[in-house]
Amino acid sequence: MATLDEVARTVLRERYLRQDEAGTVIETPDELFRRVADAVAAAEDDDVEGTADRFYDALSALEFLPNSPTLMNAGTDLHQLAACFVLPIEDSLVSIFETLKRTALIHQSGGGTGFSFSKIRPVGDVVAKTGGVASGPVSFMRIFDVATEQIKQGGRRRGANMGVLDASHPDVRAFVTAKHEADAFRNFNLSVATDAAFWDAVESGEPYDLVNPRTGETVDRVDADAILDLIAELAWATGDPGLLFLDEINTHNPTPALGRIEATNPCGEVPLLPYEACILGSVNLGEMTDGDKIDREKLARTVRLGVRFLDDALDVSTFPVADIERAVSRTRKVGVGVMGFHDMLVDIGVAYDSDEAVAVADEVMQLVSETAWETSRRLAEERGPFPVWSESVFDDPVRNATTTTIAPTGTISMIAGATAGIEPIYNVVYEKQVLGGLEMVNDRFVEIAKARGFYDEDLLTDLKDRTSIQDVDAIPADVKRLFQTAHDVPPERHVAVQAAFQHHVDNAVSKTVNLPSDASVDDVRTVFLAARDQGLKGITVFRSGARPEQVLGDDPLK
Ligand code: ADP
């Protein structure tokens, strides 16, 4: 088993290791990896034990980790293993409150939920049954927010949501500004869903129709450009909303016969049909190098294991309601991705902001994607294709409608001691505001500092309050280049890395594009347009000094 650092051990103890009723931890990290490996391998027909051992080896070596609900729940009574869900909301109280109930059950099991609120009639519209006046999607979103606040996931963390509204909904302005007030919608990320009609109107300057979803009538004609400006302004001030590019998402919808995709899970990396769920797992790229080279063979081997693990996990997972069970078993979506991308760049000596980093992203994710699909084809030969395969876009039988996703890996990267997802580092040393404060130290930096003779405790203390090490004289220039922080990397380079990954990812990519505090609203707009031009499925920006991120942020519980 790999050595777990202090942060990993704290996170595991506080959130993952099994506890008895008195709250005493009754499992070691090693036992956790064994529990998860055994529970998931139970789906295998032959060689259950051999497969369990291989799963255990990869998990305990921190080469591959599944999403948090799998680590928490596999082999326990609550056997729900997926992190990502999308639920439908129709324009009726019955539908809204039915979905609210299901949301509560999903949050309780550790999953996150996304919804499109676009079908809900706008503020001021008629309510025939009562002769009253409708209160609109934002007011119903508030109910979901309050409910989420109350449900702590097995006492371990609070739930998270993605709220989506079409740019053409009459209440779009209220939606865009919903998080402006401090502390409003703490448990939501927001995304405005855009399509070709919206972007055409931005470009042509022609009036853009706002349409009442209940009647299909145009209730207003507005300047799409002004809406885009408002979105950029709020994203500048608060980090929300982001954008979804629904056309791009649906161009890549593997099962268009089952419907159009309108929403994603909380962090945006998995666009799903209503009731679908997805189990994610991430390969730790920092473990996929050999000296200063990428170990392609090890990477491919780990991806093969990861796809098999997630396909097994689908079989042994329970789901909170029958509609979800049905939707999941029809398409069998899984998402293998990566974490520790920046660690890998450090190992192979590539700066995050360079063209070479984009080439590495492209090379790595192409290999991941090709290997994942080859594995899914093999699994289809062994176990049959996903049940609605014949209605899908695939010519060859495959076991899963999607195989790849880039998750944020907010917590599992802390267990793996890896940089999160495909993000650049926050700093080489800093205090992370979770679980009462954790000291995050970049091992690679410390190792290099010692080897190159510039290590000293005072230096580390001094670096702690910074968000960049670029102007620290004691650190050699070539080392500084390798440890560029999220603040050092220019926004267009963030977008370029995201795009390189997206081009080989079936689902989507979780990524925050950081902007310096003196960036303008127009800079945000420029990032939005670049994201659209480069074929992204969604985009989220965060300007340094804007309100701290709240959803999935820091220490919601303890
Ligand atoms: P982890 O590292 O815990 O496995 P990620 O940060 O990779 O999770 O997030 C993956 C997905 O898991 C998110 O997009 C969301 O769907 C779900 N998720 C993460 N954190 C939470 C949370 N606190 N509550 C509910 N769902 C969550």
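Throughout, residue positions are numbered sequentially from 1 according to the sequence presented. Atom set for the values below is all heavy atoms of this structure, side chains included, hydrogens, waters and symmetry mates excluded. Just so you know, ligand 1 is whichever comes first in the structure, and atom 1 is the first atom listed for that ligand.
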Query raised in the report: Is there a salt bridge (charged side-chain N to carboxylate O under 4.0 Å, His left out) between E98 and R102 once you walk through the steps?
Result: CA-CA 6 Å; E98 187 60 34; R102 292 168 166 186; 3.4 Å; yes
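For ligand 1, the polar-atom distance check against I412 finds a nitrogen or oxygen pair separated by under 3.5 Å. An N or O contact shorter than 3.5 Å links A83 to ligand 1 by distance. The shortest N/O to N/O separation between C267 and ligand 1 falls below 3.5 Å.
For the 3.5 Å distance criterion, the side chains of N67 and T70 qualify, holding a donor opposite an acceptor. In the model, T331 has a side-chain atom that pairs as donor or acceptor with a side-chain atom of E276 under 3.5 Å.
Within ligand 1, the atoms closer than 4.0 Å to a non-hydrogen atom of N67 are 4 (O), numbered from 1 in the order shown. Residue contact check: G111 has heavy atoms under 4.0 Å from atoms 25 (C), 26 (N) of ligand 1. Atoms of ligand 1 lying under 4.0 Å from any heavy atom of S68, numbered from 1 in the order shown and given with element: 1 (P), 3 (O), 4 (O). For ligand 1, the atoms closer than 4.0 angstrom to any heavy atom of G410 are 2 (O), 5 (P), 6 (O), 7 (O). The ligand atoms of ligand 1 that sit less than 4.0 angstrom from a heavy atom of G112 are 25 (C), 26 (N). Here is the list of ligand 1 atoms found below 4.0 Å of a heavy atom in G159: 24 (N), 25 (C). Which parts of ligand 1 touch A407 is read off a 4.0 Å heavy-atom cut-off, strictly below it: atoms 7 (O).
Below 30°, between 30° and 60°, or above 60°: for H494 and Y352 the angle between ring planes is between 30° and 60°, a tilted geometry. A perpendicular orientation is assigned to the rings of F319 and F85, their planes being inclined by more than 60° (bins at 30° and 60°).
Atom 7 (O) of ligand 1 has its nearest heavy-atom neighbour, among T409, T411, T70, I406, in T409. Among N265, L280, T405, V270, the residue whose heavy atom lies nearest to atom 14 (O) of ligand 1 is N265. By heavy-atom distance, the residue among M339, M414, R158 lying nearest atom 22 (C) of ligand 1 is R158.
Contact check on D506 versus K537 returns no salt bridge, with no Lys/Arg side-chain nitrogen under 4.0 Å from an Asp/Glu carboxylate oxygen. Using a 4.0 Å cut-off between charged nitrogen and carboxylate oxygen, R34 and D53 count as a salt-bridge pair.
Between F64 and F309, the gap from one ring centroid to the other is short of 6.0 Å. For F115 and F140, the ring centers sit 6.0 Å or farther from each other.
Looking at E269 against ligand 1, only its side chain comes within 4.0 Å, counting heavy atoms.
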